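Have a look at the structure below, then the notes.
Keep in mind it's a predicted model, so treat the numbers as computed, not measured. The figures that follow rest on heavy atoms only: side chains count, while hydrogens, waters and symmetry mates do not.
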Amino acid sequence: MCGIFAYLNFNISRERRYILEVLFNGLRRLEYRGYDSAGVSIDSSLCSSNAGVAPPSLVFRQEGNIESLVKSVYQDVAATDLNLQESFLTHAGIAHTRWATHGEPAPRNSHPQSSDAGNEFLVVHNGVITNYKVLKESLVRHGFTFESDTDTEVIPKLAKFVFDNANEEGDRRVTFSQVVLEVMRHLEGAYALIFKSRHYPNELIACKRGSPLLLGVKELTEEDNRASFNDSKFLSSNVEAKELFLSSDPSALVEHTKKVLVIEDGEVVHLKDGGVSIFKFDHAKGKGGETLIRPASVQRALSVLEMEVEQINKGKYEHYMQKEIHEQPESLKTTMRGRLIRGGSCKAKSVLLGGIKDHLKTIRRSRRIVFIGCGTSYNAALAARPILEELSGIPVTMEIASDLVDRQGPIYREDTTVFVSQSGETADTLQALEYALENGALCVGITNTVGSAIARNTHCGVHINAGCEIGVASTKAYTSQIVVMAMLALAIGDDTISSQARREAIIDGLFDLPKTVKEVLKLDQEMKDLAQLLIAEQSLLVFGRGYNYATALEGALKVKEVALMHSEGILAGEMKHGPLALVDETLPIVVIATRDACFSKQQSVIQQLHARKGRLIVMCTKGDAASVCVGGSCRVIEVPQVEDCLQPVINIVPLQLLAYHLTVLRGYNVDQPRNLAKSVTTQ
C-alpha cells in the first residue's frame, strides 16, 4: 500500500535538484504498491534560523500520480526562486506515496504530515494507527489543531508535545530517539514511520511495527565493508562519505546499494552524523515514568539484496504485467532449481526443500494442515490442496486469513498452518500467523520475499524464488506458489511407497513444465482477439471444478482486478444451485474442461449451458475441441495436457493473457489498477 522513502547524504556534496530527483525516483520505484497521492520534504536553507534549530523544512504534497507531484514541485520552486543548485554536504529528505485509508485523496491528507505551521516535526507513515481518535482528542485538549482527516497527523503532533514538555521540564538534552520512543509508547496499530525534525537537522529516525521497512547503506569508498552495525564505523560519528536510504521496498534501494538491513518490529533506527544507531523499543519501559527513557543500542548485521536492477525494469515489454506473464517459463525454472532430484541413485526422483526438511516428521504427524492466505495466494493454495491431501493422507483445510481472525477459528497444537503470501507482509495473514503462534501450531511460510515478516516469524518455510513482481495483479508468483506447494506435497508424501509412481510422474511433469508454459504463451494473439470480442461486456462467469476450481477463481480475479469488469469464478458443481439463472445468450461464460477426473462432469455442464443458449468459451486439452464444443457453437481455447495437479499452472496462463489484453484494450492502467495495492499492509 503506502510507500515510504528517505535519502540522507553525509559528507558528500549534493545539489538540491539531485536530492529531489533521488526522492522522486524512489517514489517511482514504489508506485506499483498502489497510491493516490504523494509528497516530499527537503531542507529550505543551509543557514540556521537560531542556534541548533534549522529553518522550517519545505513540504510539497499533491493528489494524483508522482509526475503530478514533480510538476507541482518545480512550479512552486519557480514561483519562489528556490535555488536548485544549492549544495548540501549533509541533508536528509523524506518522501511518501499514500493509499487513502483515513480521509480522501487530497494534498492536506497526503504525507509528510506536520506537527505545526513551522514543520517542527514531519512524519511519513505506512500502516494504520488504531487509537488515533483517543490521541487526537487528547492533543486537541492541549491546544493542537488538526488540518487533515488522517490517522497519521497525531504522530508529529504527539512528537512536538513530547519535545515541548521535555524542554519545559528543563531537559534540554533530550535526544531525537528519546522523543520517538516516547511517541511509540502511545501508538497502537501497525506502522512504519520516518521522522524528520528541524530541532535535529540532518537526522532521521525510522521505526516499525508490522509494516515493512529497510535501511540501505552506500559507502562512497573503494573498500568493500562487510562489518556489522556494531562496528564503530557505523555506530559512531565518522567523516567517511556515505549515502543512507530508507524504503518500504527493496526495489527502491537496489539501484543505489545492495547492502541492506531489514528493520525488525520494535526497532528504532537513528541516522546521525553518518552513523547508524539501533534501539529496541520496550513498551513496558518508561511507562508512568517522569523522564524519557534512554535505551541501549543493539547489534545488527547488514545483508545483501538478491536482486538486480534489470528485474525492476520493463525491458522490451510495454507493461510489467505483460513482462511477468511472459517470464513464467524462467520463473518456474528458478522456483524448482536445486529442489528436484532426478537420476543418479536408487531413489532416482525426489524433492529437496531445505527450509522444511527438519520439520517433515512433525508435519506428517499433524492432525490437519491448514492453508491460510488472501486473494491470489489463497487461490494458489486451493489449487494445491487436492494433491497435498492425496499424497499426505492428512486432512487439508482452507482459511481466508481475515475470516480466521474474525471468527477466532480453532487452531490446535497438532495442526500445521501454512501461510501463503507473495510479499510476506500481508497484514491479515500476519495477524493470522500471530494467532496461530499463540495457539502453538507449527507455522510454515511460503513467500516470495526473503527477510519478510512471514519468512522471519514462521518456524520454517519455502521461498518461491519467482523474482521481483511489480504488477499489482500477481501472475508469475501465483504459478510459482502452486509449484512450491506441489513440491511440498511431494516432500511430505515421500515416505509412502504406494504413491511412488504418482510422485515420479509429477516430478517428470515439473521438469517439463517451463517448456509447456512457453508453448501456452503462443496463445497470446488468440487471447488478444478474444479480448477484442469481450471489450464491451459488463460481466464474465468462469466455471471450474476439481483442480481447476482455483483456476476459475483466479482467472475471474485477474479480469476483475485489472480490466475492471465484473467477473465471478464458480464451482461448476454449484451451477444448478443459483448461477444457472444468470445464463442467457448475451452473457460470456468460460468453462475450464481439460482432461482430468472431472472431465465428464464438465462435459455435462457444457451441454446444460448450451441448452440454455449460453455464450460459451471452453478451455480444453489439445485435440478435445470436438468433444467439448456442442454443435461447433462455442469458442475453444486448446492447451497442452500435463499431470492433473499441474494443469492449473497451464490453464491460468491464457486467462492471465486475456485479462491483460482486455485491460489494455479498455484503456485502463494494467500495472496499477484503480483502488488496489500490491502489498496489502493495512487491514
Side-chain angles (χ1 to χ4, degrees), residues 356 363 366-412 414-422 424 426-437 439 441-447 454 458 461-462 464 474 477-489 492-493 542-558 560 568-574 577 592 596-598 644-649 651-652 680 683:
I356 63 161
I363 296 171
S366 297
R367 172 178 182 167
R368 59 177 181 160
I369 296 171
V370 184
F371 276 126
I372 300 167
C374 307
T376 287
S377 295
Y378 176 89
N379 294 341
L382 186 64
R385 175 171 68 171
I387 193 61
L388 183 53
E389 287 178 326
E390 178 188 338
L391 295 182
S392 70
I394 301 169
V396 179
T397 61
M398 302 293 306
E399 291 283 0
I400 294 172
S402 59
D403 184 52
L404 174 65
V405 174
D406 289 346
R407 293 182 356 253
Q408 294 287 289
I411 296 290
Y412 304 106
E414 299 84 4
D415 288 340
T416 293
T417 50
V418 182
F419 296 86
V420 190
S421 167
Q422 187 279 139
T426 309
D428 288 322
T429 309
L430 282 170
Q431 194 172 0
L433 170 58
E434 187 178 335
Y435 175 66
L437 288 169
N439 284 274
L442 176 67
C443 297
V444 180
I446 296 177
T447 81
I454 288 176
T458 46
V462 186
I464 66 172
S474 181
Y478 175 75
T479 51
S480 286
Q481 283 173 337
I482 294 174
V483 165
V484 159
M485 286 182 275
M487 290 193 291
L488 177 66
I492 295 170
V542 188
F543 285 97
R545 72 194 308 155
Y547 284 102
N548 284 297
Y549 174 41
T551 307
L553 292 177
E554 179 63 13
L557 179 60
K558 288 286 121 1
K560 192 183 302 177
E568 189 175 349
I570 298 173
L571 184 64
E574 291 291 294
H577 300 281
I592 303 166
D596 59 20
C598 299
D644 54 3
C645 63
L646 304 179
Q647 196 70 50
V649 175
N651 292 356
I652 195 58
V680 184
Q683 292 173 318

Return the minimal non-hydrogen interatomic distance between [X] and [Y], and the atom names on each side.
{"X": "Met398", "Y": "Ala381", "value": "CE-CB, 3.6 Å"}
{"X": "Cys598", "Y": "Gly546", "value": "SG-CA, 3.9 Å"}
{"X": "Ser421", "Y": "Gln481", "value": "C-NE2, 4.0 Å"}
{"X": "Phe543", "Y": "Ala552", "value": "C-CB, 4.0 Å"}
{"X": "Leu571", "Y": "Tyr549", "value": "N-CE1, 3.4 Å"}
{"X": "Thr429", "Y": "Ile454", "value": "CG2-CD1, 3.7 Å"}

(request) Mind running side-chain contact (heavy atoms from CB on, under 4.5 Å) on Thr397 and Val370 for me, showing each step along the way? (result) CA-CA 5 Å; Thr397 61; Val370 184; 3.5 Å; yes

Can you find a heavy atom in the side chain of [X] that is under 4.5 Å from one in the side chain of [Y]?
{"X": "Gln422", "Y": "Thr376", "answer": "no"}
{"X": "Ile464", "Y": "Ile446", "answer": "yes"}
{"X": "Val462", "Y": "Met487", "answer": "no"}
{"X": "Phe419", "Y": "Thr426", "answer": "no"}

(request) Quick one: list whatever passes side chain to side chain contact (heavy atoms under 4.5 Å, CB included) with Ala550, sequence neighbours left out. (result)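 Scan of Ala550 (side chain to side chain contact (heavy atoms under 4.5 Å, CB included), adjacent residues dropped) gives Leu382, Ala383, Tyr478.
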
(message) Under 3.5 Å, is there a donor on one side chain and an acceptor on the other for Thr416 and Ser366?
(response)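 Yes - a donor-acceptor pair under 3.5 Å links their side chains.
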
Going by the rule salt bridge (Lys or Arg N to Asp or Glu O under 4.0 Å), which residues pair with [X] if we only count those two or more places apart in sequence or in a different chain?
{"X": "Glu434", "answer": "none"}
{"X": "Asp406", "answer": "none"}
{"X": "Glu568", "answer": "none"}

How far does [atom1] of [X] sit from [atom2] of [Y], to the nearest 0.5 angstrom?
{"X": "Cys443", "Y": "Leu433", "atom1": "SG", "atom2": "CG", "result": "5.0 Å"}
{"X": "Ile652", "Y": "Ile592", "atom1": "CD1", "atom2": "CD1", "result": "7.0 Å"}
{"X": "Leu391", "Y": "Cys645", "atom1": "CG", "atom2": "SG", "result": "7.5 Å"}
{"X": "Ile356", "Y": "Ile492", "atom1": "CD1", "atom2": "CD1", "result": "6.0 Å"}
{"X": "Asn651", "Y": "Asn548", "atom1": "CG", "atom2": "CG", "result": "4.5 Å"}
{"X": "Ile387", "Y": "Asp644", "atom1": "CD1", "atom2": "CG", "result": "6.5 Å"}

(message) By the salt bridge (charged side-chain N to carboxylate O under 4.0 Å, His left out) test, which pairs, at least two apart or in different chains, include something from residues 373-392?
(response)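 Pairs touching residues 373-392 that pass the test: Glu390-Arg502.
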
(request) Among residues two or more places apart or on two chains, list those pairs meeting salt bridge (charged side-chain N to carboxylate O under 4.0 Å, His left out) that have a residue in residues 368-380. (result)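 Checked against salt bridge (charged side-chain N to carboxylate O under 4.0 Å, His left out) - neighbours excluded - the pairs reaching residues 368-380 are Arg368-Asp415.
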
(request) With side-chain contact (heavy atoms from CB on, under 4.5 Å) as the test, would you mind laying out the steps for Val405 and Asp428 before giving the verdict? (result) CA-CA 8 Å; Val405 174; Asp428 288 322; over 6 Å; no

(request) Kindly say whether Leu442 contributes a backbone atom to a donor-acceptor pair with the side chain of Thr417 at under 3.5 angstrom? (result)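 At least one qualifying donor-acceptor pair exists.
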
